[in-house]
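Contents: one structure, followed by commentary.
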There are 2 protein chains.
Amino acid sequence: MATIKDVAALAGVSLGTASRVLSGSSQTSPDSRARVTAAAEQLNYIANGPARSLRRSRTDVLGLLVSDIRNPFFSELAHAAEREAQRRGYTVLLANADEDAAQEAAYLRTFASQRIDGLLIAPQGSDLTQLRSMRDSGLPLVFVDRSVDGIDVPTISTDNDEGVRSALTWLHGRGHREVAFVGGPPAVSTGSERRTAFLRIRDELGLSADPRLIAHGDFRTESGVEAMRAVLASGARPTAVLSADGLMTLGVGRALREESARQLGVVEIVSFDDLDWFSLVSPPISAVRNDATAIGRLGVAALVDVIEGRPAASHRVATSFVDRSAEAAAGAGA
Amino acid sequence: MATIKDVAALAGVSLGTASRVLSGSSQTSPDSRARVTAAAEQLNYIANGPARSLRRSRTDVLGLLVSDIRNPFFSELAHAAEREAQRRGYTVLLANADEDAAQEAAYLRTFASQRIDGLLIAPQGSDLTQLRSMRDSGLPLVFVDRSVDGIDVPTISTDNDEGVRSALTWLHGRGHREVAFVGGPPAVSTGSERRTAFLRIRDELGLSADPRLIAHGDFRTESGVEAMRAVLASGARPTAVLSADGLMTLGVGRALREESARQLGVVEIVSFDDLDWFSLVSPPISAVRNDATAIGRLGVAALVDVIEGRPAASHRVATSFVDRSAEAAAGAGA
DNA sequence: CTGTTAGCGCTTTCAT
DNA sequence: ATGAAAGCGCTAACAG
C-alpha cells in the first residue's frame, strides 16, 4: 500500500508539499499540484485513515446505534441518516443493538474507541452512567426515536401522543368501543409514551377500560403474537386492536389469523408504524405513519450542529394517519 | 480524554507496562496489573482506536457493503453477519450502496481508507478495475449474494437454479402454463442467473414461451409494479407470476391489486425471497426461501479465513420452497 | 517482568 | 510556496 511518502518521492517534492496538495489545505504551485496528483494516481494512493484521524483527532465518521436493524422503521431511518450524513461530508458507521442492553453497551465502547465524531442512538434500557460518561468525555450525542430520563440530550422523536390520538379517534369514529392495545416495553420511552397516550385518550373517548384489553410486547414480531393471544385468551372481546409498532403488528396479524380459523369474528387492526405491505392484506391495515426518514435526517442535522458547536434543538416529528378503509378488500392475488 | 500515558502515570508504572496490562499481550505482575486496571477504571480510559490501528496495521473491523439496506434480505444478512463477526472478535461497519454504482465506488474508497481488515460485498455493476486494484492491494474480499465476472473472489450465494426450479415445478404441478416472470437487472449476477434458470426450466416443463410474459425490474418495489403492469398491458394472460426478489413481489402484488379491481382474474404469485408477511395476504404467497442468515454467516466465516491466511471456499446455499397453498385464505383481520 | 525507545502515516507548525 | 521536523497515542522490539 503506497504511503504519502512514496507519492512525494515519485513526484519529486517534499512530504509536506504532497500532503498540502492532497488535502488542499493550503496554496500550492500548479506545477507541484500536477506532479503530486499524477504520482498519487499512478501509485493508486489512498490515504491511511487511522493515521489521518490520529493526527487530526477527528474521523469524519458518525455512529448510528439502532435497536433492531431488521425493523423496517430503523432500516428506513438508517437509510435517511446515511444520505444526510453523506451530503454533509460524513460517513455513517451503523451498529445494531438487537434490543439487547449488553450489546448496546459493547457497541458504545467500540464507538468510543473508534473516536467517531458523534453518535446517533436509539437507546433502550441504556446504562445511564455509561451514556453520561460518554457525553461528559465530549462525545456529541443525539437521541433518535427514543429518549432516556435523567440525561439531557437533543432528541428527535415521533409525536406519539398525536399518533395514538389519530388512531383511536379513527377507530372510535368507526364505532369501535372495545379496543385492545398491544404496547411496547414500558422501559423504552416510545413504549411508555404510547401506553400513557392510549390510556388517557381511551378515557377521553369513552372507550372500554377493560384491563384485559391491554398487553405488552418488546417491539418484535413474536411478542406481538403472544400479546394478542393473551388478550384473546383473557376473555375480553375486542372489535379492534392498536399495535404500538410495525413488527408487532405482523405478530398481531398472525395471532388473529389463527383465531379467525376458529371463527372468532373480525378484529380491525390499526398499527403505529406504516409498513409497505399493509395495503395488500384484506382488509388493508390502516396505520399511523411514523416518519423514519424525517427522524433520520433531522437526527444527523442535529448531531452535526452539536459537533460543530452550534446549539441543537430537539424535535417532535408529526405523524399522519393513513386510512385504508376505503380500499378494495381484495387480496394480493385475488 | 485520558491516554495510556495518564494511566501509566497514575498507576506509577511505565507506559510499556500499562500497555501490556491493558492489551494482555504479555506477562505482567499481579501488582502492576491491579494498579493499572484501577487507574484505567478511575480515568475512564478507552484506548484510542486510530492510534492502535496505525501501529498494529489492523483494525479488527470488517466492512459490509450491501446494495439496499431497506431490502429485508439484506437487513437479515447484515444482522447475521454482524453476529458472526462479533463472535469472532470483529466489528462490522455497514454501508449501503442503494443499488447505485457510483455510491458503491465511493464506499469502496472509504472502506479502503479506513483500512478495514476485510470486505464483504454484494456487488452491483461494480467497477471491475477498482475491485481488482483493491484485491491486489491486499484487501481480503468476499462476495455475498452476488458475484462479478472477471475477478476471482470467494463467493457465498444462493442456489438460484434450484430456487427457480422449485418454484416453477410447483406452479406447473398446480396446473399453470402461462407463467409470467418479473426478473431483476441482467447486469447483476442474481438477476441473470434467475432469468437464465427461468428460461431453461420453463422450456423443460413445457410452459408457455410467450415473450410478453417476461419483464425486468431493478430489485426494488416500484420496478416490480411497473414490470407487472407491462406484462398485463402486453396482452399476455398469465395465470401465475414468479417474481425474482421480495421487494419486487410487493410491487407485483400492488400491480395485480390495481387490476383485480378491474376484474382481470386471479394471478397466483410466487416469490424468490420469502417475506414474513406473505402468510397474511389472501391468498398467502408461496415462496422460495433465500437463506440470508446462512449467507451472512458463511460470508463472515470465509472472509475471516482469507484474512487469517486460510483458503476460503465458495458456497452455494440451498433454498427451500414454502408452500402456503393449504393455508386458510382468510386475511389478516378477517 | 519492566523501562526505554523507535516508529506506524499523517498534518501542521516553523522557518525560509 | 516549500522543506524540515515535531508529534498525535499506541505497540513491539530491545535491553536489562
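Reminder, nothing fancy here: chain letters follow the sequence lines and each chain counts from 1. Values below: every heavy atom of this structure, side chains too, minus hydrogens, waters and symmetry copies.
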[atom1] of [X] versus [atom2] of [N]: gap in Å, rounded?
{"X": "B:Leu54", "N": "C:dG7", "atom1": "CG", "atom2": "P", "value": "14 Å"}
{"X": "A:Lys5", "N": "C:dT11", "atom1": "NZ", "atom2": "P", "value": "15 Å"}
{"X": "A:Met1", "N": "C:dC8", "atom1": "CE", "atom2": "P", "value": "16 Å"}
{"X": "B:Arg58", "N": "C:dG9", "atom1": "CZ", "atom2": "C1'", "value": "19 Å"}

(message) According to salt bridge (Lys or Arg N to Asp or Glu O under 4.0 Å), who are the partners of B:Glu84, at least two apart in sequence or on a separate chain?
(response) B:Arg87, B:Arg88

List every contact pair, protein side and nucleotides 12-16 of chain C side both N or O, where the distance is under 3.5 Å.
unit_1: C:dT12; atom_1: O4'; unit_2: A:Arg55; atom_2: NH2; d: 3.4
unit_1: C:dT13; atom_1: O4; unit_2: A:Arg20; atom_2: NH1; d: 3.4

For residues 90-97 of chain B, dump all side-chain donor-acceptor pairs below 3.5 Å to protein atoms at least two apart in sequence or in another chain.
unit_1: B:Asn96; atom_1: OD1; unit_2: B:Ile69; atom_2: N; d: 3.1
unit_1: B:Asn96; atom_1: OD1; unit_2: B:Asp98; atom_2: N; d: 3.2
unit_1: B:Asn96; atom_1: ND2; unit_2: A:Glu82; atom_2: OE1; d: 3.4

State which residues pass side-chain hydrogen bond (donor to acceptor under 3.5 Å, both in side chains) with [X]; sequence neighbours excluded, sorted by chain then number.
{"X": "B:Thr158", "value": "B:Asn290"}
{"X": "A:Ser189", "value": "none"}
{"X": "A:Thr59", "value": "A:Asp117"}

(request) Counting heavy atoms from C-beta on, name the nucleotide in C:dG9, C:dT2, C:dC10 closest to the side chain of B:Ser32. (result)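 Taking heavy atoms from C-beta onward, the closest nucleotide is C:dT2.
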
(request) Just compare C:dG9, C:dT2, C:dC1 and give me whichever is closest to any side-chain atom of B:Ser26. (result) C:dT2

(message) Do B:Tyr45 and B:Ile4 have side chains that approach each other closer than 4.5 Å (heavy atoms only, starting at C-beta)?
(response)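 B:Tyr45 vs B:Ile4: side chains touch.
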
(message) Can you give me the first and the last nucleotide of DNA chain D (5' to 3') that has an atom within less than 4.0 angstrom of a non-hydrogen atom in chain B?
(response) D:dG9 to D:dA13

May I have all residue pairs that pass salt bridge (Lys or Arg N to Asp or Glu O under 4.0 Å) and include part of [range], sequence neighbours excluded?
{"range": "residues 125-142 of chain B", "answer": "none"}
{"range": "residues 28-50 of chain B", "answer": "B:Asp31-B:Arg35"}
{"range": "residues 296-306 of chain A", "answer": "A:Asp305-A:Arg310"}

Identify each donor-acceptor pair in which a side-chain atom of residues 139-151 of chain B lies under 3.5 Å from a protein atom, sequence neighbours left out, and give them as a table.
unit_1: B:Arg146; atom_1: NH1; unit_2: B:Ser67; atom_2: OG; d: 3.3
unit_1: B:Arg146; atom_1: NH2; unit_2: B:Ser67; atom_2: OG; d: 3.4
unit_1: B:Arg146; atom_1: NH2; unit_2: B:Glu99; atom_2: OE2; d: 3.3

(request) Name every residue in residues 37-45 of chain B that has at least one heavy atom under 4.0 Å from any atom of DNA chain D, in order of residue number, or write none if there are no such residues. (result)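 Output list: B:Tyr45.
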
(message) On DNA chain D, compare the nucleotides closest to A:Val13 and B:Ile4; which residue's is nearer the 5' end?
(response) A:Val13

(message) Test side-chain hydrogen bond (donor to acceptor under 3.5 Å, both in side chains) on B:Ser32 and B:Ser29; report intermediate values, then the result.
(response) CA-CA 5 Å; B:Ser32 30; B:Ser29 75; 2.7 Å; yes

(request) For A:Arg52 and for B:Pro30, find the nucleotide of DNA chain C with the closest heavy atom, then tell me which residue's nucleotide is more 5'. (result) B:Pro30

(message) Heavy-atom nearest nucleotide on DNA chain C for B:Ala51 versus B:Asp31: which residue maps closer to 5'?
(response)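 The residue mapped nearer the 5' terminus is B:Asp31.
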
